[in-house]
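To start, the structure under review is shown below, and the notes come after it.
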Amino acid sequence: MKPGIPKGTRDFGPEQVFKRNYIFDNIKAVFVKYGYQPIETPTMELLSTLTGKYGEEGDRLLFRVLKRGDKLAKALQNQPSEHNLAEEGLRYDLTVPFARFVVMNQNELAFPFKRYQIQPVWRADRPQRGRYREFYQCDVDVVGSNSLMYEAELTQIYDEVFTRLGIEVTIKINNRKVLAGIAEAAGISERFGDMTIAIDKLDKIGMEGVRREMQERGIAEAAIATIEQILQAQTLEELKPLLANSATGLRGIGELETVFTFLGTTTKNTVQFDVTLARGLNYYTGCIFEVQARGVQMGSIGGGGRYDDLTGIFGLPGVSGVGVSFGAERIYDVMEELQLFPADAASSLQLLFVTFDALTHQYAFDCLRQVRAAGIHAELYPEPGNLKKQMKYANARRVPYVAVVGETEMSSGQLTLKNMATGEQESLSLEAIVEKML
RNA sequence: GUGGUUGUAGCUCAGUUGGUUAGAGCGUCGGAUUGUGGUUCCGAAGGUCGCCGGUUCAAGCCCGGUCAUCCACCCCA
């Protein structure tokens, strides 16, 4: 049979996993430094937990897990339907399972509860470039506090992670209350959803397209004109008079001012207010974030926001949360394109021993044990003799150093260490080699 | 879910109005070179032309179906 893997999934080879871990390790290190704790939740959730949380479109994209055994037989007899053939599904994101987790563990958790979670999620979407059916999300959230300090903290986390990875970014911030204020000012509060969906497409389709989109969604011409005018605002100061009649809008502006005050001028990357930032997910109620990589054509590589009542649906009302997500797959693509991975991110092997015969092979095996004990990532080619073959293997493994062990080396105890990048060779004792590697 | 694109060697792709034994580059393997890789030279292996059916004396090429792929939309990371 011909081997294959499901649509929208991928295998990751050693080099890719090393590089992916480089990204995850940096992200985790920053999360932990800011006091966030890791949790993990099951791959499968009850469908009752998942359905209805992501809108109609999201429900369609849920992977459902077919019932098994007697339950399946029973369901098949009894008018089989999408609804009664499955009661479990694969997690669609990390936020809803997190909300469920918080509600179920509310008595054990200390609030504000700060958690991070790095796990794969599944969506039955049609795959495209940078879009898969199985992909990782790196979420960091804090629940149980209304403090805008956390909006500033999460911005600092973005700033620090991308600085560590060497990606220059623009962090855009807006506030859903500001958007609500715009709808209010335009007199179309009831069409808030349609308006934000249209505005969200601004980078992609331009102001012309946004206007057309709003027309098609049945927003009145006068309202569109008002909205268009407000969207010209570049700063919070410019926006204030435009939203003077909307209490909600002014509150949103106030929240943004507070966040910017917390931040001051301490960030390395550009953090800017962007009134045109909308974001689709409709559970956001306060500040919203989006991160754009500079110097590369790519969708957002991170996003998030505040949600006032995510746990309410699971029976715990009044718990506010704010969180952001890192798009690991896209970060990978950006780093690949800008060649930002350090050379040693792709391979962890530091040293390869090559030998000529059974005797030197035996000797090298003991050398191997010693350098490993010193913490060096090392390996010995299993077959002595053919030097050319061994050197080719060294290239394939992208090992930076090769130790040549022949009769002369064995008797003198001075191994020949070859730098594979420069081709230079020197005679060194095992101790000196270890010294050099560390 | 809607509309389109492309399926030929491990990879990237040629392949004439349908006509004998389907090609190239890169990669792989072997040799030149039995104490040295990335360069060079020589040689070799590697293909049910995505799959099923149809038209034809004859199909990689035309037609239908199907699967896969990529792209746009929807939505999204």
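Naming: A, B, ... by sequence-line order, numbering from 1 per chain.
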Please report the distance, rounded to the nearest Å, between [atom1] in [X] and [atom2] in [N].
X	N	atom1	atom2	result
A:I27	B:A77	CD1	P	15 Å
A:R133	B:A68	CZ	P	9 Å
A:N386	B:G30	CG	P	8 Å
A:E56	B:C75	CD	C1'	12 Å
A:F326	B:A77	CZ	C1'	13 Å
A:L277	B:C76	CG	P	13 Å
A:K388	B:U39	NZ	P	11 Å
A:Y401	B:G38	OH	P	20 Å

Verify whether one side chain among [X] and [Y] offers a donor that lies under 3.5 Å from an acceptor in the other.
X	Y	answer
A:T276	A:D274	yes
A:Y284	A:N174	no
A:E153	A:Y36	yes
A:D366	A:Q362	no

(request) Sugar-phosphate atoms are those with a prime plus P, OP1 and OP2; base atoms are the rest. Using that split, label each nucleotide of nucleotides 69-74 of chain B B, S or - for protein heavy atoms under 4.0 Å, 5' to 3'. (result) S-SBBB
[M] and [N], which share atom name [atom1], separated by this distance in whole Å:
N	M	atom1	result
B:C70	B:U12	P	12 Å
B:C61	B:G53	P	14 Å
B:A59	B:U40	P	43 Å
B:C62	B:C49	C1'	16 Å
B:C73	B:C26	C1'	37 Å
B:U66	B:U6	C1'	16 Å
B:G47	B:A14	C1'	15 Å
B:C67	B:C74	C1'	24 Å

(request) Select from A:A421 and A:T408 the residue whose nearest nucleotide in RNA chain B is closer to the 5' end of that strand. (result) A:T408
(message) Here's a test of your reading of the structure: between A:E409 and A:R123, which maps to the more 5' nucleotide of RNA chain B?
(response) A:E409
(message) Could you check whether any side-chain heavy atom of A:Y92 comes within less than 4.5 Å of a side-chain heavy atom of A:R123, counting everything from C-beta outward?
(response) yes
(message) Is there a side-chain contact between A:Y393 and A:R397 in this structure, where contact means two heavy atoms from C-beta onward sitting under 4.5 Å apart?
(response) yes
(message) I'd like to know if A:R115 pairs up with A:D141 as an ion pair, taking the criterion as any Lys NZ or Arg NE/NH1/NH2 lying under 4.0 Å from an Asp or Glu carboxylate oxygen.
(response) yes
(request) Look at A:E424 together with A:K418 and state whether they make a salt bridge at an N to O cut-off of under 4.0 Å. (result) no
(request) Kindly point out which of B:A77, B:G38, B:U36 is positioned nearest to the side chain of A:N395? (result) B:G38
(request) Ignoring the backbone of A:Q425, work out which of B:C76, B:G38, B:U36 is nearest its side chain. (result) B:U36
Strand partner of [N], provided both Watson-Crick or wobble distances fall under 3.5 Å:
N	answer
B:C49	none
B:G25	B:C11
B:U33	none
B:U20	none
B:C62	B:G54

(request) Looking at every strand, decide which applies to A:G423 at a 4.0 Å heavy-atom threshold: base, sugar-phosphate, or nothing. (result) base
(request) Give A:Y132 one of three labels, base, sugar-phosphate or nothing, depending on what nucleic acid heavy atoms sit under 4.0 Å from its own. (result) base
(request) Please name all residues satisfying side-chain contact (heavy atoms from CB on, under 4.5 Å) with A:S147, sequence neighbours left out, ordered by chain then number. (result) A:S145, A:M149, A:Y150
